[in-house]
Amino acid sequence: MSVPRLLCSLTLGLLLWLISGGIALASSNLPLHHWGYDAIERLIALEVIDRALVGAKPFTRMQAAQYVARAIERVRADEVALDGREVIAEPLLERLLAEFRPELIRLGTIRARPQDKSGSVRFGARVTSEVDASSVGGGQTIRFRENRGGEYFVNGVQNQTDVRAWAELNEWAAVMVQPKFISNRHLLGLGATNNSDNFYLREFSLKLSYANIALEAGRGTQWWGPGYHGSLLLTDHAFPMDMIKLGTERPFQLPGSLSGLGDWKVNAFLAQLERNRDVSRARVFGLRISYLPASWLEFGLTRLTQFGGRGRDQSFPETIVDTYIHPANQGADKDVNEQGMADFRLRLPSVPYLIPFPAGLQLYGEIGTEDKWSQLPIPSRAAFLGGIYIPQVFAGDTLDLRIEYADTDYGRRRHPELGQVWYNNGTYTSGMRYRGLPLGHHMGTDAVDFFIRTTRYLTDTLQLGANFNIQERDRGQPVHEKKREAAIDLTWWYAKDVQVMAGYTFQRLKNPGQVTAITPFDETFAGGIQAQNHLFWTSLAVQF
């Protein structure tokens with residue numbers, strides 16, 4: 001049996017087994033870039049949380065609460081050493097406990113108080129208002145905003161305000177809606193991706209759960225892979241897509257004697273792309289299998305398939321089945337656009353003189369390919385992402401450090417004829433993009449990205465962060481963009497339900513680029529232009 005056929009059979013078998021029993025724990029999704037993700041992943045790196053699958057986001061509020069519950073259990077059982085990690089872990093756990101208190105009560109981790117809400121219907125909302133003040137230089141007027149759902153920076157002062165409201169019914173249904181106001185509608189795109197609405201629905205979804213299976217329909221964003229500044233296949237850089245999702249609501253183990261193999265999670269989606277593209281209403285199917293064989297190691301396999309659309313006789317699921325059971329681009333439906341990725345996250349303990357950090361460090365990486373894995377172990381059309389995360393640089397201190405490098409230019413450097421491969425395609429000339437922006441890493445094709453971030457808690461409720469970024473995009477072109485960027489941000493938890501943030505970014509761009517068409521996709525670079533951009537922002541978030 002071929003590897004693709006084996007993976008299809010394994011996935012189908014897992015889904016059939018999962019729906020055979022168990023109770024539902026329906027829960028709304030935690031939005032991407034919520035502070036809880038960074039807090040949970042830092043506790044994992046500190047070994048306060050010992051088993052967690054975090055490669056596929058978003059995960060639900062209940063899944064996040066289960067990780068917090070595990071940390072609380074370990075602290076109560078004295079399984080977490082008091083060796084300086086508590087200076088970070090204790091305030092993080094207190095904040096997470098307040099955030100996920102309703103879910104922790106449902107799990108039985110903490111006791112309910114008289115004032116705690118209870119009943120078959122649960123609901124909440126988060127209101128966020130942000131003010132942006134941008135100065136885009138070099139004769140330019142806009143600059144795309146990384147990992148912000150298709151938004152741009154635009155000269156001047158603007159306001160964005162949204163309400164993300166959610167409700168859960170018993171243990172089987174959850175609904176979410178996020179209407180948003182943008183004072184300058186061009187913040188959501190100019191030129192090829194122009195937006196004409198000041199009010200729009202940013203995200204919305206209806207989720208139905210049974211046992212450990214969740215079926216969700218609506219508009220949303222996903223981030224698959226361990227990358228922080230970007231991921232090769234799927235991020236929220238582009239506008240949220242309309243999609244149907246099916247997968248496991250929380251990690252699970254195989255039955256019987258196979259339970260010792262570790263924890264698993266399966267995620268799949270089917271999305272429909274926009275009308276205004278080369279093949280109108282083309283579709284994308286994605287499948288990810290996450291695996292945790294040990295508490296210190298996580299693996300992931302991801303595959304995206306672009307197919308169908310107006311005028312193309314390719315149906316679902318027949319096209320996907322045919323594509324998966326044959327080698328890439330060799331089935332009956334050869335005319336598809338595909339991407340594949342394997343990734344890992346590895347935690348290494350502190351080792352004197354070798355890894356001199358109190359809580360050790362994490363290594364993570366992604367290797368991806370466009371259309372076919374033509375060579376082993378490294379495909380000719382490979383792209384890479386790798387990173388190091390140190391959750392505690394000095395004993396008894398709260399400083400952390402992350403270094404990340406991404407490269408979609410590897411194939412072109414080895415084989416110049418393979419330039420312009422990543423996120424592009426000969427049949428689907430708008431590429432693996434939505435409204436002109438890549439579904440994956442914001443740097444796009446034939447690009448490299450070097451990113452450093454560090455944060456430090458000045459007090460238990462005040463965090464200072466700083467970034468440094470070097471990036472080159474579309475390096476195969478005679479004229480291409482080069483960016484140098486430095487940023488600083490401050491986060492203040494004024495109260496358990498109130499968060500205040502502010503930041504400033506300085507960019508120096510050479511030959512800045514702009515998307516000018518998506519049918520087919522085209523981006524032009526302003527040769528000889530030197531631009532200096534000053535980007536200010538501040539936001540207030542209140543949770544109810």
Notebook entry, point to check: Going by distance alone, is a donor N or O of one side chain under 3.5 Å from an acceptor N or O of the other, for S290 and R288?
Noted result: yes
Item checked: Any side-chain donor near an acceptor of the partner, K57 and N29, under 3.5 Å -> no
Check: Does E47 offer a backbone N or O that forms a donor-acceptor pair with the side chain of R74 under 3.5 Å?
Finding: yes
Note to self: Please identify which of these residues, D236, N147, T221, meets the side chain to side chain donor-acceptor pair (under 3.5 Å) condition with H33.
What the structure shows: D236
Notebook entry, point to check: R61 and side chain to side chain donor-acceptor pair (under 3.5 Å): which partner among E99, H34, Q66?
Noted result: E99
Note to self: Please determine whether a side-chain nitrogen of the Lys or Arg among R453 and D489 lies less than 4.0 Å from a carboxylate oxygen of the Asp or Glu.
What the structure shows: yes
Check: Would a 4.5 Å heavy-atom cut-off, applied to side chains only, mark I105 and R111 as touching?
Finding: no
Checklist line | Side-chain heavy atoms of D397 within contact of R456, under 4.5 Å | finding: yes
Checklist line | Inter-residue atom distance L346.CG - F299.CZ, 0.5 Å rounding | finding: 8.5 Å
Next item on the list: Begin from the C-alpha positions of I452 and T454 and carry the test side chain to side chain contact (heavy atoms under 4.5 Å, CB included) through to its verdict.
Entry: CA-CA 7 Å; I452 298 176; T454 184; 5.7 Å; no
Check: Which distance, rounded to the nearest 0.5 Å, do you find between the CD1 of I110 and the CG of L104?
Finding: 5.0 Å
Check: Are E404 and Y364 close enough that a side-chain donor and a side-chain acceptor fall under 3.5 Å?
Finding: yes
Margin query: If you take the centroid of each ring, where Trp contributes its six-membered ring, are Y410 and F384 closer together than 6.0 Å?
Written below: yes
Notebook entry, point to check: Of all heavy-atom pairs between A64 and F100, which one has the smallest distance, and what is that distance?
Noted result: CB-CZ, 3.7 Å
Check: Just by distance, with hydrogens left out, do S295 and D50 show a side-chain donor and acceptor under 3.5 Å apart?
Finding: no
Item checked: Side-chain H-bond candidate by donor/acceptor type, Q178 with R202, under 3.5 Å -> no
Note to self: If I take atom NZ from residue K265 and atom CG from residue L53, how far apart are they, to the nearest 0.5 angstrom?
What the structure shows: 8.0 Å
Next item on the list: Find the distance between NE2 (H229) and NE2 (H441) and round it off to the nearest 0.5 Å.
Entry: 6.5 Å
Next item on the list: Mind running side chain to side chain contact (heavy atoms under 4.5 Å, CB included) on Y389 and D400 for me, showing each step along the way?
Entry: CA-CA 8 Å; Y389 178 54; D400 71 350; 3.0 Å; yes
Note to self: Just so I know, are the side chains of Y434 and L439 near enough to count as touching, which here means a heavy-atom distance under 4.5 Å?
What the structure shows: yes
Notebook entry, point to check: Taking the side chain from T248 and the backbone from V266, do they hold a donor-acceptor pair closer than 3.5 Å?
Noted result: yes
Item checked: 4.5 Å side-chain heavy-atom contact, R303 and I320 -> no
Check: Should the ring pair W264 and Y291 be called parallel, tilted or perpendicular, given that the plane angle runs from 0 to 90° and is split at 30 and 60?
Finding: parallel
Next item on the list: Check G227 against L385 and note the closest heavy-atom contact, atom names and distance.
Entry: CA-CD2, 3.8 Å
Notebook entry, point to check: So, N469 versus K483: side-chain donor-acceptor pair below 3.5 Å or not?
Noted result: yes
Next item on the list: Quick one: closest heavy-atom pair of L437 and G150, and the distance?
Entry: CD1-CA, 3.6 Å
Check: Between E203 and R219, is the closest basic N to carboxylate O distance under 4.0 Å?
Finding: no
Note to self: Counting only heavy atoms from other residues, nucleotides and ligands, does the tally under 6.0 Å from CZ of F506 exceed 12?
What the structure shows: yes
Margin query: Under a 3.5 Å distance rule, please check whether T538 uses its side chain to pair with a backbone N or O of M501 as donor and acceptor.
Written below: yes
Next item on the list: State whether W493 and R95 meet the cation-pi test: NZ (Lys) or CZ (Arg) under 6.0 Å from the six-membered ring centroid, and within 45° of the perpendicular axis.
Entry: yes
Note to self: Counting C-beta onward and ignoring hydrogens, is there a side-chain heavy-atom pair between I44 and Q362 closer than 4.5 Å?
What the structure shows: yes
Check: Looking at side-chain heavy atoms only, is the closest gap between Q471 and F450 below 4.5 Å?
Finding: no
Notebook entry, point to check: Under the side chain to side chain contact (heavy atoms under 4.5 Å, CB included) criterion, do K207 and E249 qualify, and how do the steps go?
Noted result: CA-CA 10 Å; K207 180 191 293 185; E249 188 82 333; 3.7 Å; yes
Next item on the list: Using atom types as modelled and distance alone, determine if a side-chain donor or acceptor of E94 lies under 3.5 Å from a backbone N or O of L92.
Entry: no
Margin query: Within the supplied structure, the quantity of interest is the number of heavy atoms (other residues, nucleotides, ligands) at a distance under 6.0 Å from F394 CZ; does it exceed 12?
Written below: no
Notebook entry, point to check: More than 12 heavy atoms of other residues, nucleotides or ligands under 6.0 Å from CZ of R508: is that the case?
Noted result: no
Item checked: Any side-chain donor near an acceptor of the partner, S209 and E171, under 3.5 Å -> no
Item checked: Among H442, E366, Q222, H237, side-chain contact (heavy atoms from CB on, under 4.5 Å) partner for S231 -> E366
Margin query: One thing to verify: whether E130 and R148 come together as a salt bridge, which I'm taking to mean a side-chain N less than 4.0 angstrom from a carboxylate O.
Written below: yes
Notebook entry, point to check: Would you say the side chain of I403 lies within less than 4.5 Å of the side chain of F451, judging by non-hydrogen atoms?
Noted result: no
Notebook entry, point to check: Which heavy-atom pair separates G368 from P379 by the least distance, and what is that distance?
Noted result: O-CG, 4.2 Å
Check: Could you give the distance from OH (Y504) to CD1 (I488), rounded to the nearest 0.5 Å?
Finding: 10.5 Å
Item checked: Distance in Å, L232 CG paired with E370 CD, rounded so as to fall on 0.5 Å steps -> 10.0 Å
Notebook entry, point to check: Can you name the nearest heavy-atom pair linking F344 to P226, along with the distance?
Noted result: O-CG, 3.7 Å
Checklist line | Centroid-centroid distance, F153 to W537, less than 6.0 Å | finding: no
Check: Is the closest side-chain donor-acceptor distance between E41 and Y37 under 3.5 Å?
Finding: no
Next item on the list: Please determine if D407 and R413 form a salt bridge, counting it only when a charged side-chain N lies under 4.0 Å from a carboxylate O.
Entry: yes
Next item on the list: Give the C-alpha distance, both sets of side-chain angles, the deciding distance and a yes or no for side chain to side chain contact (heavy atoms under 4.5 Å, CB included) between W35 and T491.
Entry: CA-CA 10 Å; W35 62 267; T491 303; over 6 Å; no
Item checked: 4.5 Å side-chain heavy-atom contact, T305 and L287 -> no
Checklist line | Carboxylate-amine/guanidinium contact R475 E481, below 4.0 Å | finding: no
Margin query: Strictly distance-based, threshold 3.5 Å: is any side-chain N or O of T60 a donor or acceptor partner for the main-chain N or O of S28?
Written below: no
Note to self: If the threshold is 4.0 Å, N to carboxylate O, is there a salt bridge linking R70 and E73?
What the structure shows: yes
Check: Do we see a donor-acceptor contact under 3.5 Å between the side chains of R126 and Q543?
Finding: yes
Checklist line | Backbone of A487 reached by a side-chain donor or acceptor of T505 within 3.5 Å | finding: no
Notebook entry, point to check: P349 and I355: which non-hydrogen atoms are nearest, and at how many Å?
Noted result: O-CD1, 3.6 Å
